[in-house]
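Below you'll find the structure, written out as structure tokens, and then a few comments.
Throughout, protein chains are lettered first and strands after them, A, B, ... in sequence-line order, and every chain is numbered starting at 1.
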There are 2 protein chains.
Amino acid sequence: MTELTERQKRILMLVVREYIETAQPVGSKRLVERYRLDVSPATVRNELAALTEMGYLTQPHTSAGRVPTEDGYRYFVGQLVNQVELPSEVQHTITHQFFQARHDIEEWMHLAASVLAHQSRAVSLVTAPHAEKARYKHLELISTQGRQVLMVLVLAGGEVLQQILTLAEPVSQERLSRVAEQLNRLCAGRSADEIATLSSRTDALENDVLTVLLRDMRAADERVSGEVYIDGLTNVLSEPEFTASGEARRALRLIEERSLLQDLLARTVMKSNVGGLQILIGGEGTWEELHQCSMILARYGVPGLVTGTLGVLGPMRMSYTRTIPTVRFVAYLLSDLIQETLAGGQA
Amino acid sequence: MTELTERQKRILMLVVREYIETAQPVGSKRLVERYRLDVSPATVRNELAALTEMGYLTQPHTSAGRVPTEDGYRYFVGQLVNQVELPSEVQHTITHQFFQARHDIEEWMHLAASVLAHQSRAVSLVTAPHAEKARYKHLELISTQGRQVLMVLVLAGGEVLQQILTLAEPVSQERLSRVAEQLNRLCAGRSADEIATLSSRTDALENDVLTVLLRDMRAADERVSGEVYIDGLTNVLSEPEFTASGEARRALRLIEERSLLQDLLARTVMKSNVGGLQILIGGEGTWEELHQCSMILARYGVPGLVTGTLGVLGPMRMSYTRTIPTVRFVAYLLSDLIQETLAGGQA
DNA sequence: GTTTAGCACTCTCGCTTCGAGAGTGCTAAA
DNA sequence: TTTAGCACTCTCGAAGCGAGAGTGCTAAAC
């Protein structure tokens, strides 16, 4: 692939920008008029032809304006990604909102989703922070009725697992409390594997609890991410490319089908580090459902301890200029909060 | 309003049924053909005219078939509501699914939402069970870093509240544990008001924790419902009345705007008792956003202790025959599960 | 007094036609 | 290398038209 001349770069950027704004194929004349290029439409037409030849643009039909291809968007984003910053007043507003929610972790998630959705005018996805390796912090056994016991397991990092145990026979709350206390002494701070090795408890009840507890912790280890918070679904419904046609449905199905979504987040996110952004344009060939969509994802948290993913899913035609710095900023903010509150004990 | 003759009732029911199935205005000829009525189309036309006069039907334009009005739907539902039952094999399938999820309360919610969405082919809403009066069960204080403390408060009924405390000065985990233990002894089983009266703690740290704790419990009392689980969003997007036009957007906005949704659930649900169904057709005049929609809601849980709401939001043209018994059945099932596991200790 | 057949009338919906508008590529001149 | 001019292409919206479905009314039949 040959190099682009300066003018070609300029024109390509403008075409993408214009198309993102208007959702209309952009023609040579429009371009010259709107951006006061000091060349004639004919010249621009030649350049457009060249860019089309190189695969950055297409035309929906012979005599229409140009529309960016996936490669066109990629070039655009590539130029942009390290340049734009969020306006500082926006930064301040967001910071302030998070400050007000500083007491409630769940609220952080809602807020992050809400901010991302608002700024990007697309669908936002935020997964709750999740420890890579579950560590036992505290267990609580709550008697309810007869053989049913509610087990609440708090993990280091703040995750809370709930589970209902059905015991072989009724057990008093006192006995349950004793068992919980004992296990708390035994397991505090340990991972599933560590707990497994020091096993060999004689007490049957304790053993039962331990089994379930280990299964839960291992299940938590398997999971790639915590709960997923979503916001901004309505944003995307108003976009022209999503009206009617199945496009919207397919993308939404992906979101509703949690297993798919988990898979998607897992695969893409594994590759990226905290601090870096991952930008997928048009599903990158792998994701049928995301044909017309782009995703901008980031990891946040404290590497090796608790991490989560956040990002935005929108039409390929989304406002990258606004979304990219927002995703970056929110990820940075959340990482900071987590560093301060959740990971502190272990850092 | 004069009485309907038997034949008019029959025809009205058929018109609604047919319209729900086809989404097309239904005409006299179709009706006679499809349902083998032993009268001529002309007769049916007369009856249709009468029903239109009475306000049960309308026609979109002068020479089209009939479409049910809101009153038409109401009549239909009124006839139906105490008659239909869920096929027993469906009941078994659902029961089985819940049996498999018996260990995980959160999973019940997802499952309930999923079942409702599937059966009704519309959007389902399920709120987590929520105690009318929060009762303290157990407190946990987890030191993280310096002055930040993670507070986990378990309420009777299984709700878990999390909150981050920022203390005036750093405190050791041992001290935190002692305070928690003391509060646990003091507050176990009590409501916010009860705890407030026996206050007058001398210890400053204990006082701080208590203050936040009370605020949280009171906030929980204020809340009408727990977290909202939603499923089946994609179902509704495929319905013809939701394509393009703002209808879908408006309804979805209602769902995303959690405050609105809470309000809606609160207002409607207050009126209905556990076991009974509430059916809103066309927003019942009050809800702008639900112009074209119907909701079928039920409360579940143990009255006076923990209750939640579940139901379905769909186009006015939804399949009531299927949805009504499903909502009823799932509510019954969840009530049962909760009775067995969560409320047992107090019943 | 119902019920029904017949009929004129109305309205939508899908199809085609057509012209305006926007944009293109090519050629030849600056 | 850039630009003006021009013929050509393609979409899109408006207008026109006919088929089809449904209605309401009237008058005859049961």
(request) Could you check which residues of residues 39-48 of chain A get a heavy atom under 4.0 Å from DNA chain D? Sort them by number, please. (result) A:Val39, A:Ser40, A:Ala42, A:Thr43, A:Arg45, A:Asn46
(request) Name the orientation class of the two ring planes belonging to A:Phe76 and A:Tyr320 (parallel below 30°, tilted from 30 to 60°, perpendicular beyond 60°). (result) perpendicular
(message) Can you see whether A:Thr43 engages A:Ser40 through a side-chain donor-acceptor pair at a distance of less than 3.5 angstrom?
(response) yes
(message) Would you say A:Tyr35 and A:Glu18 are linked by a side-chain donor-acceptor pair, where the criterion is simply a distance under 3.5 Å?
(response) yes
(request) Take A:Tyr73 and A:Arg317 through the test side-chain contact (heavy atoms from CB on, under 4.5 Å) and record every step on the way to the result. (result) CA-CA 8 Å; A:Tyr73 282 112; A:Arg317 224 196 77 243; 3.5 Å; yes
(request) Using Watson-Crick or G-U wobble geometry with both distances below 3.5 Å, tell me the partner of D:dG18, or none. (result) C:dC13
(request) Determine which nucleotide pairs with D:dT26, using a 3.5 Å limit on both distances of a Watson-Crick or G-U wobble pair. (result) C:dA5
(message) As a test of understanding, state which of A:Leu51, A:Val44, A:Leu31, A:Val67 forms a side-chain contact (heavy atoms from CB on, under 4.5 Å) with A:Val15.
(response) A:Leu31
(message) Assess the residue pair A:Glu6 and A:Lys9 against the criterion (salt bridge (Lys or Arg N to Asp or Glu O under 4.0 Å)); give the C-alpha distance rounded to whole Å, side-chain angles, the decisive distance to 0.1 Å, and a yes or no.
(response) CA-CA 5 Å; A:Glu6 276 307 313; A:Lys9 288 184 190 176; 3.5 Å; yes
(request) Go through A:Ser319 and A:Arg121 one step at a time and tell me if the side chain to side chain donor-acceptor pair (under 3.5 Å) criterion holds. (result) CA-CA 8 Å; A:Ser319 166; A:Arg121 257 151 262 163; over 6 Å; no
(request) Let me know the distance between CD of B:Gln8 and P of C:dT3, rounded to the nearest Å. (result) 11 Å
(request) For salt bridge (Lys or Arg N to Asp or Glu O under 4.0 Å), just list the numbers for B:Arg10 and B:Glu47, CA-CA rounded to whole Å, side-chain angles, deciding distance to a tenth of an Å, and then say yes or no. (result) CA-CA 10 Å; B:Arg10 172 121 190 268; B:Glu47 299 292 36; over 6 Å; no
(request) Please find the earliest and latest nucleotides of DNA chain D, in the 5' to 3' direction, that have an atom within less than 4.0 Å of any heavy atom of chain B. (result) D:dA21 to D:dG24
